[in-house]
Amino acid sequence: MKLYDYKKFDAYWQEKWKENKIYETPKLPHNKKIYVLDMFPYPSGEGLHVGHPKGYIATDIYSRFKRMNGFDVLHPMGWDAFGLPAEQFAIKNKMHPRMSVEQNISNFKKQLSHLGLDYDWSREINTTDPKFYKWTQWIFTKLYEKGLAYESNAPINWCPTCKTGLANEDVNADGTCERCDTKVEKKPIRQWVLKITDYADRMLKDLDLLQWPEGVKLAQKNWIGRSEGAEFDFKLTDVKDHTDGQMSVKIFTTRADTLYGATFVAISAETAKIWFDAGWETIDGVKEYVLNTLEEQKKENDYSVVPEKTGVYSGINAINPATGEKIPVWVANYVLGGVGTGAIMAVPAHDERDLEFAKKYNLPIKEIDLDKTIDEMVKKFNGKKVVRYKMEDWVFARQRYWGEPFPVVRDKTGKVYMVDESELPVLLPEVESYEPTGTGESPLAAITEWVNVKGYITEKGTFKQSSDGEIFTRETNTMPQWAGSSWYYLRFLDPDNDKALVSPEIEKVWQPVDVYVGGDHATRHLIYARFWHKFLYDIGAVSTVEPFSRLEFLGFILAEDGRKMSKRWGNIINPDDVVNEYGADTLRVYEMFMAPFDQTAAWSTTSIKGSDKFLDRVYNLRNKIGSTSTVLNDVHKTIKKVTEDIEKFKFNTAISAMMILVNKMEEESFTKEDYSLLIMILAPFAPHISEQLWNELGNTTSVHKTDWPKYDESKLVEENATISIQINGKLRGTFVVPFNSEDIVVSEEVKKTEGYKKYVGEQEPKKVIIVKNRIINIVI
RNA sequence: GCCGGAGUGGCGGAAUGGUAGACGCGCACGACUCAAAAUCGUGUAUCGCAAGGUGUGGAGGUUCAAGUCCUCUCUCCGGCACCA
């Protein structure tokens with residue numbers, strides 16, 4: 001039986017808090033500010049499972065804690081609602097994605113509302129709201145103005161199932177689509193691409209400024225993949241082509257010091273293809289090999305399997321600039337078109353891959369002394385030092401309906417213009433069918449009355465509509481889902497502003513996000529958002545160089561069977577059911593107690609009973625309030641522990657500390673003062689039961705509006721200390737001395753103990769080590 | 001292959017170099033009950049009757065003292081991957 005009537009009081013207090021608007025944040029803070037943010041969710045049709053709110057509970061606890069510590073806390077929530085799933089749902093159910101998104105959001109909100117979360121809903125945002133995506137489009141126009149958005153026809157990742165292009169970040173390591181696991185192909189399509197590589201260096205450097213988990217920083221570092229190296233020109237000879245045979249090939253290497261050992265040059269099939277297109281004629285078999293390899297590479301996009309190395313001699317030779325030797329040029333499948341210059345100098349003696357290839361095709365292997373520096377070699381042989389990044393530019397277009405339209409039109413000649421700022425947003429039009437065409441064109445292309453638009457070009461070079469203007473055509477691709485989430489955190493600061501994405505006065509005081517909490521987005525969202533933020537900084541729209549100061553990762557909650565919760569396995573636990581059975585506070589406490597916050601853990605329908613019991617025992621203690629206290633030390637110790645643990649997101653040990661205190665209070669005696677302190681530190685974790693108890697104690701204001709209790713150092717001093725006796729490092733008993741006893745007292749007292757008499761006796765110890773209040777180690 | 005993270009009771013896990021297993025679950029026994037649930041109490045790493053010994057994936061090392069630091073090694077998880 002539950003002592004605390006959660007069915008009655010949870011809802012009652014939630015209503016009260018709402019009425020009193022205790023969580024609304026002023027536009028400009030009056031006190032010290034803190035911005036606590038969750039990675040906003042995609043409102044899927046499946047609704048919440050118990051794993052979803054874990055992060056929200058943590059930020060709720062943290063922001064309640066900070067509020068009690070006198071901060072003005074900004075803790076908002078919104079929806080990342082563009083994207084494929086909503087569109088796929090719409091196709092299947094013949095329903096406008098906007099409708100399903102609306103439904104899903106209201107369902108999510110209802111589920112969240114039962115948990116007593118302290119979101120300031122007056123700031124709710126939604127990426128699919130034209131008032132929001134107006135500014136997503138605006139940012140794009142600015143990127144274009146600064147030369148950071150360009151069009152490309154280069155082959156990109158294409159998912160045949162989703163029928164859209166994908167960014168590299170959307171492709172799994174095994175070459176499958178992140179969404180649907182279909183093999184991704186390479187397909188040349190006209191695409192908008194953002195020049196994220198321009199920011200690679202700054203994104204790398206500024207990682208040092210961030211209080212993020214080291215693992216995430218490293219993942220970003222690897223993703224950016226900076227490598228310093230050098231380029232050299234190798235003169236080509238024996239070239240049969242339309243030129244005069246004076247061609248050269250540019251190679252990239254990080255090991256310029258091994259130049260003397262280069263025994264052949266290997267070029268990628270893509271490079272060879274470019275040479276063919278330029279009129280290169282070659283010996284038999286090469287062209288076939290190149291075309292086959294290109295075909296292979298298009299199909300075999302599985303990066304986890306290293307294909308067997310193959311190659312063919314091109315008929316061309318090159319001159320090693322260091323040795324002057326004539327060395328053969330091979331076309332090889334292990335040299336990749338998109339990497340470096342698409343051509344390498346092969347040094348079999350110092351590179352495993354080159355060695356493997358050299359052995360297979362009987363190419364010379366030349367051992368050399370490595371006594372030259374890279375700088376020397378570059379200087380001596382006319383090389384050029386270059387910095388390369390593994391990260392590629394961001395393919396920023398999707399051939400789908402449910403996304404932000406580009407604010408872009410073209411004139412008859414195909415010249416591109418941005419839609420004038422005054423005419424943003426470019427609204428997403430209604431269509432009859434959301435089905436992707438699969439041709440590389442978006443479904444928007446079919447709506448001619450939208451695509452064709454009359455207007456003129458302003459003096460600024462932007463496009464404005466006018467019924468008597470010329471005909472322009474709109475861009476029909478849409479932006480990827482990552483667009484809105486790359487800047488949404490700024491919009492919470494000033495959600496209704498229609499003059500700017502955020503007003504500078506407001507931005508200046510609230511930015512950056514102080515604590516950002518969410519799941520694993522090490523190389524996607526967190527890369528894109530940092531890129532856009534730095535760009536916004538450069539154009540003066542924001543005042544900080546980084547968006548998120550501190551990042552806390554959350555570990556996922558697995559189903560009881562250890563698998564991911566999913567409809568497919570039928571193992572989903574719905575928070576509504578848990579709230580129904582135990583109340584919101586039990587769910588909250590259990591999710592925080594079950595494991596360290598950043599660790600993945602499986603749900604347990606039996607373990608949750610422990611958290612439930614704990615809250616009941618807290619509630620029951622109200623009948624045991626007395627007039628004397630034997631737990632004062634413990635109360636202060638607990639305040640200290642809980643205070644420090646919340647700050648560090650160590651919620652599991654904070655709860656455990658409160659459990660220890662409750663155990664003690666049950667056994668000993670305590671006052672109303674002690675009990676009040678317990679309720680105050682429990683309040684962020686279990687806001688409903690705490691509020692109810694606070695009320696029952698005769699308080700008329702909310703416990704969530706009280707000041708966080710300060711612990712008193714002087715009260716942490718214990719009366720006695722239990723010292724363990726170690727003889728040669730082995731535990732041989734314990735004894736009690738007054739707290740903070742001098743070493744001399746401890747070393748005298750120890751002689752009276754049984755352990756000492758038995759193991760040391762009359763011997764003179766060789767050495768005695770005393771750790772105050774803890775241990776005495778006697779070496780004999 | 002490279003880079004991270006982690007290996008502690010039946011389970012989730014706790015431990016500023018200082019009594020390993022806190023706290024919780026589970027389990028066992030007991031109380032209450034006609035009975036069950038709930039609740040409360042006691043116990044619960046392991047070997048041993050005991051004294052005592054052994055124990056934090058494994059092997060070494062540093063130290064008065066190691067789950068914690070160092071070296072090597074095994075296993076699992078995550079990220080990246082023919083990146084020149």
Side-chain angles (χ1 to χ4, degrees), chain A residues 1-3 172-174 213-223 225-227 229-230 251-256 258 262 266 268 302-309 332-336 338-347 350-354 356-357 388-392 520 522-523 589-590 593-596 598-614 616-617 620 650 652-663 666 722-734 758 765-780:
Chain A
M1 192 189 80
K2 283 286 279 190
L3 300 168
N172 295 325
D174 62 355
E214 282 308 310
V216 182
K217 290 202 212 176
L218 271 160
Q220 293 219 345
K221 212 170 155 179
N222 285 340
W223 188 264
R226 182 190 155 98
S227 60
I251 63 96
F252 174 78
T253 177
T254 53
R255 293 294 307 274
T258 64
S268 68
D302 185 343
Y303 304 120
S304 64
V305 179
V306 178
E308 203 198 325
K309 290 182 180 45
N333 69 338
Y334 77 99
V335 181
L336 306 176
V339 179
T341 56
I344 62 163
M345 64 172 197
V347 187
H350 291 278
D351 185 286
E352 267 181 51
R353 294 153 303 178
D354 296 344
E356 191 188 328
F357 192 82
R388 264 200 61 241
Y389 298 95
K390 204 167 78 180
M391 182 168 71
E392 291 177 32
D520 192 347
T523 54
V589 169
Y590 176 57
F593 181 65
M594 62 192 293
D598 58 359
Q599 198 165 303
T600 297
W603 186 263
S604 161
T605 45
T606 52
S607 286
I608 191 174
K609 294 195 169 114
S611 303
D612 193 50
K613 226 154 55 175
F614 163 64
D616 247 5
R617 287 161 71 189
N620 204 24
K650 289 174 72 174
N652 57 331
T653 46
I655 292 167
S656 140
M658 288 187 279
M659 286 173 169
I660 293 169
L661 178 62
V662 167
N663 289 345
E666 280 178 341
T722 305
I723 310 287
S724 9
I725 312 164
Q726 286 187 356
I727 315 285
N728 285 350
K730 285 216 186 300
L731 184 68
R732 299 298 184 190
T734 61
K758 184 167 173 193
K766 278 192 203 147
K767 195 172 180 183
V768 176
I769 294 108
I770 296 172
V771 181
K772 205 166 216 141
N773 297 326
R774 284 185 183 274
I775 221 163
I776 175 164
N777 193 3
I778 298 156
V779 188
I780 53 172

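Letters A, B, ... are given to chains in the order of the sequence lines, protein chains preceding strands, and every chain is numbered from 1. The figures that follow rest on heavy atoms only: side chains count, while hydrogens, waters and symmetry mates do not.
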Student: What interatomic distance, in whole Å, is found between P of B:rC70 and the corresponding atom of B:rA22?
Tutor: 27 Å
Student: I'd like the C1' distance from B:rC64 over to B:rU75, given in whole Å.
Tutor: 34 Å
Student: What does A:G215 touch in the nucleic acid at a heavy-atom separation under 4.0 angstrom: a base, only the sugar-phosphate, or nothing?
Tutor: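 Answer is sugar-phosphate: A:G215 comes under 4.0 Å of backbone atoms only.
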Student: Considering only side-chain heavy atoms of A:R353, which listed nucleotide, B:rA84, B:rC83, B:rC40, is closest?
Tutor: B:rC83
Student: Quick one: is B:rC64 close enough that its OP1 or OP2 comes under 4.0 Å of any side-chain N or O from A:K767?
Tutor: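 Checking B:rC64 against A:K767, a side-chain N or O does come within under 4.0 Å of OP1 or OP2.
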Student: Check the interface with nucleotides 6-8 of chain B: list each N/O to N/O pair with the protein under 3.5 Å, or write none.
Tutor:
none

Student: Taking only N and O in the side chain of A:K758, is any of them less than 4.0 Å away from OP1 or OP2 of B:rG52?
Tutor: yes
Student: Would one find a side-chain N or O of A:R732 under 4.0 angstrom from OP1 or OP2 of B:rG53?
Tutor: yes
Student: Could you say whether A:M659 or A:A219 is positioned toward the 5' end of RNA chain B, judged by the nucleotide with the nearest heavy atom to each?
Tutor: A:M659
Student: Syn or anti for B:rG41, please, going by whether the chi angle lies within 90° of 0.
Tutor: anti
Student: Specify the separation, in whole Å, of atom CG of A:N620 and atom C1' of B:rA38.
Tutor: 13 Å
Student: Using a 4.0 Å cut-off on protein heavy atoms (strictly under), produce a 5'-to-3' string for nucleotides 10-20 of chain B with B for base contact, S for backbone-only sugar-phosphate contact, and - for none.
Tutor: --BSSSB-BB-
Student: For A:S724 and A:R774, indicate whether the former's side chain and the latter's backbone hold a donor-acceptor pair under 3.5 Å.
Tutor: yes
Student: Among B:rG24, B:rC82, B:rC83, which is the nearest nucleotide to the side chain of A:V339?
Tutor: B:rC83
Student: Give a yes/no answer on whether the side chain of A:K390 brings an N or O atom under 4.0 Å of OP1 or OP2 in B:rG79.
Tutor: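 For A:K390, the contact criterion (side-chain N or O under 4.0 Å from OP1 or OP2 of B:rG79) is not met.
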Student: Which part of the nucleic acid, if any, lies within contact of A:K613, taking any heavy atom under 4.0 Å across all strands shown: a base, the sugar-phosphate backbone alone, or nothing?
Tutor: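 Contact class for A:K613: sugar-phosphate only.
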Student: Answer yes or no: is there a side-chain heavy-atom contact under 4.5 Å between A:V347 and A:T253?
Tutor: no
Student: Using atom C1' of each nucleotide, how far apart are B:rC2 and B:rC11 to the nearest Å?
Tutor: 35 Å
Student: Could you check whether any side-chain heavy atom of A:D612 comes within less than 4.5 Å of a side-chain heavy atom of A:Y590, counting everything from C-beta outward?
Tutor: no
Student: Given side chains that start at C-beta, do those of A:F593 and A:M659 come closer than 4.5 Å, heavy atoms only?
Tutor: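 They are in contact (side-chain heavy atoms under 4.5 Å apart), so the answer is yes.
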Student: Take atom CD of A:E356 and atom P of B:rA84, then tell me their distance rounded to the nearest Å.
Tutor: 17 Å
Student: A:K730 side chain: which of B:rA84, B:rC3, B:rU54 is closest?
Tutor: B:rU54
Student: Is any side-chain heavy atom of A:E666 closer than 4.5 Å to one of A:R617?
Tutor: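 Heavy-atom side-chain distance check passes, below 4.5 Å.
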Student: Determine the contact category for A:V768: base if any of its heavy atoms lies under 4.0 Å from a base atom, sugar-phosphate if only primed atoms, P, OP1 or OP2 are that close, otherwise nothing.
Tutor: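 Nothing: the residue A:V768, judged by heavy atoms under 4.0 Å, touches no strand.
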Student: When the C1' atoms of B:rA38 and B:rC77 are compared, how many Å lie between them, rounded to an integer?
Tutor: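 Nearest-Å result for B:rC77 against B:rA38 at atom C1': 40 Å.
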Student: Rounded to whole Å, please give me the gap between CZ in A:R226 and C1' in B:rC80.
Tutor: 19 Å
Student: Indicate yes or no: at least one non-hydrogen side-chain atom of A:E308 is less than 4.5 angstrom from one of A:N333.
Tutor: no
Student: Both distances below 3.5 Å, Watson-Crick or wobble geometry, any strand: find the nucleotide opposite B:rA66.
Tutor: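 Base-paired to nothing in any strand shown.
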Student: What is the nucleic acid contact for A:I660, judged by heavy atoms within less than 4.0 Å: base, sugar-phosphate only, or nothing?
Tutor: sugar-phosphate
